[in-house]
Amino acid sequence: MRIRRRHFRAAVLVSILAAVLTGCAKGAEPAAAALSSADISIQPQQGKELKWNGNIPYDLPVIDFIDSKTGFAVKERTDAQLRLLSTHDGGTHWQEQNLPGKYIRSLDFINVKTGYALVEDNCSSSAGQLRCKRISLLKTGDGGRTWNTKWKSESQEDHSQGHKLSFVNEKSGAMLVNGRLLLTQDGGNHFQTAVFGIKDFKPISTSFPKAGTGYVVGTVGKDDTKLAVVKTNNGGRTWSKQLDLSAKESPLSAFQIQFASENTGWLLTNEKGMLSGDVYRTVDGGKHWTKMSTQRTGRPYVNGIQLIDGNTGVISLHPGAGPIEGGIWLTKDGGRSFTSVSKAVAVNQVQMVSAKAIWAAVDGMNGSDFLIHSTDGGVSWQESYPLSEPYGRPTEDMAFIDRQLGFGIGTQLDSGKVLKTIDGGASWKIIASLDSYIRLEKISFVSEKEGFMMAFRDKDSQHVLLKTQDGGLTWHEVSSESLYKLGISDVSAFRFFDTNHGVLFATGEGKAIYRTSDGGKTWGKTLVSKENSEMQVSLTSYSSGWLLKQTDTKGSLELVRFGADHSAQTVLTLDKDWYPDAVYFSDETHGYMLFEDFEAKDGVITRLLTTNDGGRTWVDHPFPADAEMVDVRSIGFSDPQHGWIQFLQGTAVTADGGLSWSVQQ
């Protein structure tokens, strides 16, 4: 599920304290020239239309690993057919090849060469619902280079989560499709529908640990208040009931039944109205089932369970509409207790290949999905696809020294990474990992070697200032007693201008600007507003900058220029229903502002306003309607031509002052 973050537009009445806004700096720079409202104009962009080369996000809904080195995954894109990904060296390298079909429902490889894929095509979307006319079972015997259709039918799938395929070898397998369990003994050439001998039994999940032996969990009755587990020892000719369960207060379902061996298996139920379910385990082939624990199964939502032996296993979770973290839960006591072991927020599927090797497909949450893996049982994780460490892309903040050299913090998986680029952001390399902090928030460099960072520390729950003198390879905390006492809850702007002079704009008890002139050892506070409302700030020097704010409940916007002479002057007023996303001035004359336009005919679009005369005149660059930028974090320019916009799906870069943009995911 793709999620668009909701912006809550605050009703704001901000009082600017002009006399104290710029602190006590002496002789920093001349005051800004006075501007009247008659001087200000916003002009439509002249000449060619703004170009947006946005990458189309892709999903990675399924994975299937043969062992810790060899595995497969499927890539879905709305504008293309499926692609099969494969690795034979534990994710260091990946190969891609076409896979017939539009959407993947299940993937099951028996060995390196032989695998099955359940796919849908002839699909359309209506009223937000995906409908596909055809569903097919495909088989490969050469590792995915070629595929043959073994079975096809009109699709009646409800697109529920779960593993639809359970093949034991090249001949024997089961397929749960269109509400029926189909069994084959000849590699998919012929199928027979399983007859369970239970009235109104609807299969939900199946697991075949060996040829001929299989387990199925399903609902019993028309009101979905009962569950049953059935077993076959003869390839599905006959079935015996093993377990009966009844709902307590609401409809009862199951997420998955899964067996690690012929005798050892798990079942995870789901009582929908209670947002919880029970974990059951058997170690004697289903003769006896023991309730191990009750787990939360809604918000975040469970979408898979797997054990590797009688004690060790994992559950994958997805937050749905959030904002609740999902991730991966691990048990080492047979399901009695689970512990979160991954920083990933939303997981599509997890697979435990061994007690040490774990793979997971992670939802990029509005960006493209990615694959992660652990080689130490979940203690540490590494991104594997599309980029393996030491590579990645910053997700939290960036700072450029010039158009080529830049630094960033955070990756999709780990907010504690520090990255560096030497090619203007085309590629990034992880150069440091700061695991002792909950998160890294803002970064600023004053030279190629010297930089500063704001981080949030776990042990005493407070913000700290970090400094590097070797280009980001190592960092140390700057001792600052006054910073500890600021009570900062959120840092929205941060910049050092030299070794000693730095400024940050943060939320604490209201909105305030904090300045240091001794490298961060002491800080002075200037209150901007007592309201904890949305504001955007660009700091152009130690004592001057720009403040973009909403001024009333109708959505009026003001851009305020504050200078070294203690002045605070409104240079632009916009009476529009626009949400301010970001503001940035690369120098005293070149400025850039990003807005979400709620008045646009094509729905909410993003607008970029640019100025090259210090805010006297502005040019309006409306982005195309399909250039959806979700959750904009920042905009920045290393010079008037080269800049970036950092948002949830990735980073968009420009080399022509904002006339055209390309997304780098």
Side-chain angles (χ1 to χ4, degrees), residues 1 158-164 166 176 179 201-207 215-231 241-260 264-283 286 288-308 310-322 324-342 344-352 360 363:
M1 178 182 295
D158 61 3
H159 302 150
S160 59
Q161 295 283 353
H163 301 277
K164 307 289 186 180
S166 184
L176 189 59
F201 181 82
K202 292 176 287 187
I204 297 174
S205 176
T206 182
S207 178
Y215 300 81
V216 177
V217 61
T219 58
V220 180
K222 297 182 179 180
D223 56 358
D224 288 346
T225 59
K226 294 183 179 180
L227 277 177
V229 175
V230 295
K231 177 182 180 180
K241 186 185 294 186
Q242 289 195 309
L243 181 66
D244 276 311
L245 298 171
S246 297
K248 298 175 182 177
E249 301 179 20
S250 61
L252 188 64
S253 181
F255 282 107
Q256 194 173 338
I257 190 169
Q258 191 267 330
F259 275 71
T264 303
W266 270 355
L267 168 67
L268 177 60
T269 68
N270 178 38
E271 191 169 354
K272 298 178 181 178
M274 304 300 291
L275 298 180
S276 66
D278 296 326
V279 177
Y280 292 86
R281 182 183 67 167
T282 180
V283 293
H288 303 90
W289 291 83
T290 302
K291 179 180 173 180
M292 306 302 290
S293 63
T294 298
Q295 300 294 329
R296 185 175 180 87
T297 56
R299 293 179 56 80
Y301 300 94
V302 172
N303 54 25
I305 184 170
Q306 186 197 24
L307 77 163
I308 198 66
N311 293 312
T312 308
V314 285
I315 290 178
S316 56
L317 303 102
H318 196 292
I324 299 171
E325 289 192 2
I328 299 172
W329 292 347
L330 172 71
T331 181
K332 293 184 178 180
D333 55 14
R336 292 183 179 87
S337 62
F338 287 85
T339 303
S340 176
V341 294
S342 172
V345 173
V347 179
N348 299 326
Q349 184 187 340
V350 63
Q351 184 179 359
M352 203 165 195
D363 190 338

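Numbering starts at 1 and runs along the sequence shown.
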Quick one, [X] and [Y] - any side-chain contact, counting heavy atoms below 4.5 Å?
X      : Y      : answer
Asp244 : Lys226 : no
Phe201 : Val216 : yes
Thr331 : Trp266 : yes
Asp363 : His318 : yes
Gln258 : Leu307 : yes
Gln242 : Val230 : no
Ile315 : Leu317 : yes
Arg336 : Arg281 : yes

Exercise. Check the pair Leu243, Leu227 against side chain to side chain contact (heavy atoms under 4.5 Å, CB included), reporting the backbone distance first and the verdict last.
Key: CA-CA 8 Å; Leu243 181 66; Leu227 277 177; over 6 Å; no
Quiz item: Is there a side chain to side chain contact (heavy atoms under 4.5 Å, CB included) between Leu275 and Arg296 once you walk through the steps?
Solution: CA-CA 6 Å; Leu275 298 180; Arg296 185 175 180 87; 4.0 Å; yes
Inter-residue atom distance [X].[atom1] - [Y].[atom2], 0.5 Å rounding:
X      : Y      : atom1 : atom2 : answer
Ser316 : Phe255 : OG    : CZ    : 10.0 Å
Leu268 : Gln306 : CG    : CD    : 13.5 Å
Leu267 : Gln256 : CG    : CD    : 10.0 Å
Met352 : Thr312 : CE    : OG1   : 5.5 Å
Ser207 : Leu176 : OG    : CG    : 12.0 Å
Phe338 : Lys332 : CZ    : NZ    : 13.0 Å

Quiz item: Are the side chain of Glu271 and the backbone of Gly277 linked by a donor-acceptor contact shorter than 3.5 Å?
Solution: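 No.
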Quiz item: Do side-chain atoms of Ser342 reach the backbone of Ala344 as a donor and acceptor pair under 3.5 angstrom?
Solution: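 Yes; judged by distance alone, with no hydrogens or angles, the pair exists.
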Practice problem: Describe, in one word, how the ring planes of Phe259 and Tyr215 are oriented to each other, choosing from parallel (under 30°), tilted (30 to 60°) and perpendicular (over 60°). | Solution: parallel
Looking at [X] and [Y], what are the two nearest heavy atoms and their distance?
X      : Y      : value
Thr219 : Ile204 : CG2-CD1, 3.5 Å
Val220 : Ala228 : CG2-CB, 3.7 Å
Val347 : Ala360 : CG1-CB, 4.2 Å
Asp333 : Ser337 : OD2-OG, 2.6 Å

Quiz item: Under 3.5 Å, is there a donor-acceptor pair between the Asp278 and Thr294 side chains?
Solution: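 Note: Asp278 and Thr294 side chains meet the donor-acceptor criterion.
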Quiz item: Between the side chains of Ser293 and Gln295, does any donor sit under 3.5 Å from an acceptor?
Solution: yes
Exercise. Please step through side chain to side chain contact (heavy atoms under 4.5 Å, CB included) for the pair Leu245 and Thr269, ending with a clear verdict.
Key: CA-CA 9 Å; Leu245 298 171; Thr269 68; 3.7 Å; yes
Quiz item: Between Thr225 and Leu252, does a side chain to side chain contact (heavy atoms under 4.5 Å, CB included) hold up when you go through it step by step?
Solution: CA-CA 5 Å; Thr225 59; Leu252 188 64; 5.9 Å; no
Quiz item: Would one find more than 12 heavy atoms of other residues, nucleotides or ligands at under 6.0 Å from atom NZ of Lys202?
Solution: yes
Quiz item: With sequence neighbours excluded, what pairs up with Tyr280 under the ring-ring contact (aromatic ring centres under 6.0 Å, His included) test?
Solution: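 ring-ring contact (aromatic ring centres under 6.0 Å, His included) list for Tyr280, sorted by chain: empty.
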